[in-house]
Amino acid sequence: MIRTLLRRRKEPLSLEDVTVVDKPRMRRAVAATAVGNMMEWFDFGVYAYVAVTLGKVFFPADNPATQVVSTFATFAVAFLVRPLGGLVFGPLGDRIGRRRVLSTTMIMMAVGTFAVGVLPGYDAVGFAAPLLLLSCRVVQGFSTGGEYAGATTYIAEFAPDQRRGFLGSWLDFGTFVGYSMGSGVVTVLTAVLGGDGMVAWGWRVPFLVAGPLGLIGLYMRLRLEETPAFQLEAERAAEAAEEAAARGDTDPVEEARQSGRGRLKEIFTRHWQAVLICMGLVLLYNVTNYMVTSYLPTYMTSTLSQRATVAQMLVLGTMIVVALTITVVGRSSDRWGRRPMFMAGSVGLIVLAAPAFLLIREGGILLPAIGCLVLGLLLVIFAGTSAATLPALFPTRLRYGALSISFNISVSLFGGTTPLVASWLVATTHNTLVPAYYLMAAGVVGLVATFFLYETAGKPLRGSGPMVETEEEARTAVAESRTEAGRRARDVWLRLRHPRAQVHRDDEECD
């Protein structure tokens, strides 16, 4: 009798508790979210590669260094509004659904990027030009506040537990393909038109390309369906509300908990540890990311006086290597775990950042290419693992909101400001190794965050049941759950009967 009750304390899984993934829907989910991320990073690649040109177009021509800092300041301002976008879109995605919010952010990103391409320059409208550029960047930043967190949440809630790392890595594959496309377009235009042609009109072309890309991404996202995890959570909430209404029971505490303000309070009071871990990992990833993708081209041209085409080709080649290896890293995180990947990357960043920048500083092509490759291989470790790691930190009913807020606060404070801070520090200290020291500090923060990270590879998301690919895997998961339930009941039963005895049994004895 007691053993039966103990077994029922935690019921084993049934087939209804295990979700068998619909593969066509899963492929559509991965493709649509990756395209949206590609659109976002197409803009980042373009902006990073035409930063010097934009400085000449939108800011007074008093000092070239001031123009570059001003351009990156405008770049950074967009990141300062990202937490506002996260505060709005994140909790909204937990309440009305992931799909509708992701469609909205897609529209806003496309409009904001396209608008940059039609803005007048400083020579035409004076100080209104940088203000208009700033307005477009604010729209982009606000929409991006709900983009990456929503996309990672969407893929994670569609992916089977055993392949979440591999499928999640396709999201960041879209990131680096988009960056490579943007930077590739700028590189070709620069080679064809030259510096004068880019300043005159060439810089507008890549921003205008964002319009058609945005329409394609929007079409793909409108065809998406809600994730199984969100649908199940919504059904549970609806059933609870119906039962309460049938009883005539209105619980003001529960109503406050389900409200936007209640969810925010729950995130920071009950899940603050996960928020801090998320912020540390995001800092690690994004400081490395923006240092390589946004600052490195300008660092090599403005600080090291290398030719623009050489610097652009080196970083573009690095991004192609990252894109080609990122899904391999994602698959490896499924096999070896998320913690070992982040741990290895953090230690590598601390040890190799300075040697990589020393190689880049040597000039020529070969040694800077090796330095860029080292930074790219460190970056891909974080990029290929993050999309599967971060959503698993939070439960389903708070996942989109908690991840949006944590991600965007960290990106705004540390990631998006990386080009601005790095360029300012180099200009102030005249030490060209300062960017390496900045990366080393990010590696230390990431190492601490990884130490407190729980391993989630191959495990269900918090608040969700197991996700598998086939009916056979579902039956296996149910059988293993029943075996585990029996083992737990046996151990507790033996301890009750023999409190002084130590239970040391092999797993096979339970069978």
Side-chain angles (χ1 to χ4, degrees), residues 21 26 30 33-34 37 148-149 151-176 229 271 273-289 322 325-350 376-396 398-400 402-404 406-407 410-411 415 442-469:
V21 174
M26 179 184 69
V30 173
T33 49
N37 233 35
Y148 185 82
T152 56
T153 295
Y154 197 88
I155 287 185
E157 292 181 350
F158 256 114
D161 297 333
Q162 299 298 329
R163 300 183 67 206
R164 191 176 302 122
F166 172 69
L167 294 173
S169 66
W170 285 100
L171 177 65
D172 288 277
F173 173 82
T175 293
F176 293 103
H271 302 281
Q273 300 100 323
V275 168
L276 291 178
I277 293 171
C278 181
M279 290 179 64
L281 297 178
V282 170
L283 182 153
L284 172 68
Y285 174 22
N286 281 275
V287 166
T288 310
N289 193 8
V322 171
T325 56
I326 192 168
T327 56
V328 177
V329 173
R331 193 188 298 273
S332 299
S333 75
D334 286 327
R335 181 178 180 182
W336 298 330
R338 322 293 188 217
R339 292 185 78 238
M341 300 298 290
F342 272 110
M343 195 77 71
S346 299
V347 173
L349 197 62
I350 295 169
L377 293 177
L378 292 171
L379 171 60
V380 77
I381 294 175
F382 312 134
T385 312
S386 292
T389 305
L390 302 180
L393 292 169
F394 305 103
T396 300
L398 300 172
R399 183 170 295 126
Y400 197 157
L403 182 52
S404 290
S406 307
F407 184 91
S410 185
V411 170
V444 172
V445 173
L447 194 63
V448 174
T450 305
F451 179 79
F452 293 99
L453 177 69
Y454 288 102
E455 184 57 69
T456 58
K459 299 177 181 178
L461 296 171
R462 294 181 62 183
S464 302
M467 299 276 290
V468 298
E469 292 189 86

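Values below: all heavy atoms of this structure, side chains included; hydrogens, waters and symmetry mates excluded.
Taking E455 as the reference, nothing meets the side chain to side chain donor-acceptor pair (under 3.5 Å) condition, with sequence neighbours excluded. Partners of S346 by side chain to side chain donor-acceptor pair (under 3.5 Å), not counting sequence neighbours: none found. By the side chain to side chain donor-acceptor pair (under 3.5 Å) test, R399 pairs with E157, T396, sequence neighbours left out.
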Audit row: N37, W170, side chain to side chain contact (heavy atoms under 4.5 Å, CB included) steps and yes/no: CA-CA 10 Å; N37 233 35; W170 285 100; over 6 Å; no
Output, in order, the C-alpha distance, side-chain angles, deciding distance and verdict of side chain to side chain contact (heavy atoms under 4.5 Å, CB included) for S169 and V329. CA-CA 8 Å; S169 66; V329 173; over 6 Å; no
Take L377 and I381 through the test side chain to side chain contact (heavy atoms under 4.5 Å, CB included) and record every step on the way to the result. CA-CA 7 Å; L377 293 177; I381 294 175; over 6 Å; no
Could you walk me through whether L453 and L393 pass the side chain to side chain contact (heavy atoms under 4.5 Å, CB included) check? CA-CA 9 Å; L453 177 69; L393 292 169; 3.7 Å; yes
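In this structure, T152 contributes its side chain and A149 its backbone to a donor-acceptor pair below 3.5 Å. Side-chain atoms of R164 never come within 3.5 Å of backbone atoms of A457 as a donor-acceptor pair (strictly under, hydrogens ignored).
Between H271 and F394, the ring planes lie perpendicular to each other; the angle is over 60°, past the 30° to 60° tilted range.
Taking CG from L447 and CD1 from I350, the interatomic distance works out to 5.0 Å, rounded to the nearest 0.5 Å. Once rounded to the nearest 0.5 Å, the distance linking CD of Q162 with CG of D334 reads 7.5 Å. Note that CE of M26 is 5.5 Å distant from CZ of R163, once rounded to the nearest 0.5 Å. The line from CZ of F173 to CG of L167 is 13.5 Å long, rounded to the nearest 0.5 Å. In this structure, the separation between CZ on F176 and CD1 on I326 is 5.5 Å, given to the nearest 0.5 Å. With rounding to the nearest 0.5 Å, the separation of CZ in F382 from OG1 in T288 is 5.0 Å.
Side-chain contact between L171 and Y148: present, with at least one pair of heavy atoms (C-beta onward) separated by less than 4.5 Å. For the pair L379/N289, a side-chain contact is recorded, criterion being any heavy-atom separation below 4.5 Å from C-beta on. Two residues are said to be in side-chain contact when any heavy atoms from C-beta on lie closer than 4.5 Å; P391 and Y154 fail this criterion. The closest side-chain heavy-atom distance from N286 to S410 is not below 4.5 Å.
The shortest non-hydrogen separation linking W336 to M341 is CE3-SD, 4.1 Å. Shortest non-hydrogen contact noted between L403 and C278 is CD1-SG, 3.7 Å. Taking both residues in full, the closest heavy atoms of D161 and P466 are given as OD2-CA, 3.3 Å, listed atom of the first, atom of the second, then distance. Across all non-hydrogen atoms, the minimal contact from G458 to R338 is N-NH2, 4.4 Å. Residues S406 and A402 share a closest heavy-atom pair of OG-O, 2.8 Å. Contact between R331 and F166 at its shortest, heavy atoms only, is NH2-CE1, 3.2 Å.
Between the side chains of Y285 and D172, at least one donor N or O lies within less than 3.5 Å of an accepting N or O.
Of the residues listed (V445, L276, T450), the one engaging L281 in a side chain to side chain contact (heavy atoms under 4.5 Å, CB included) is T450, and it is the only one.
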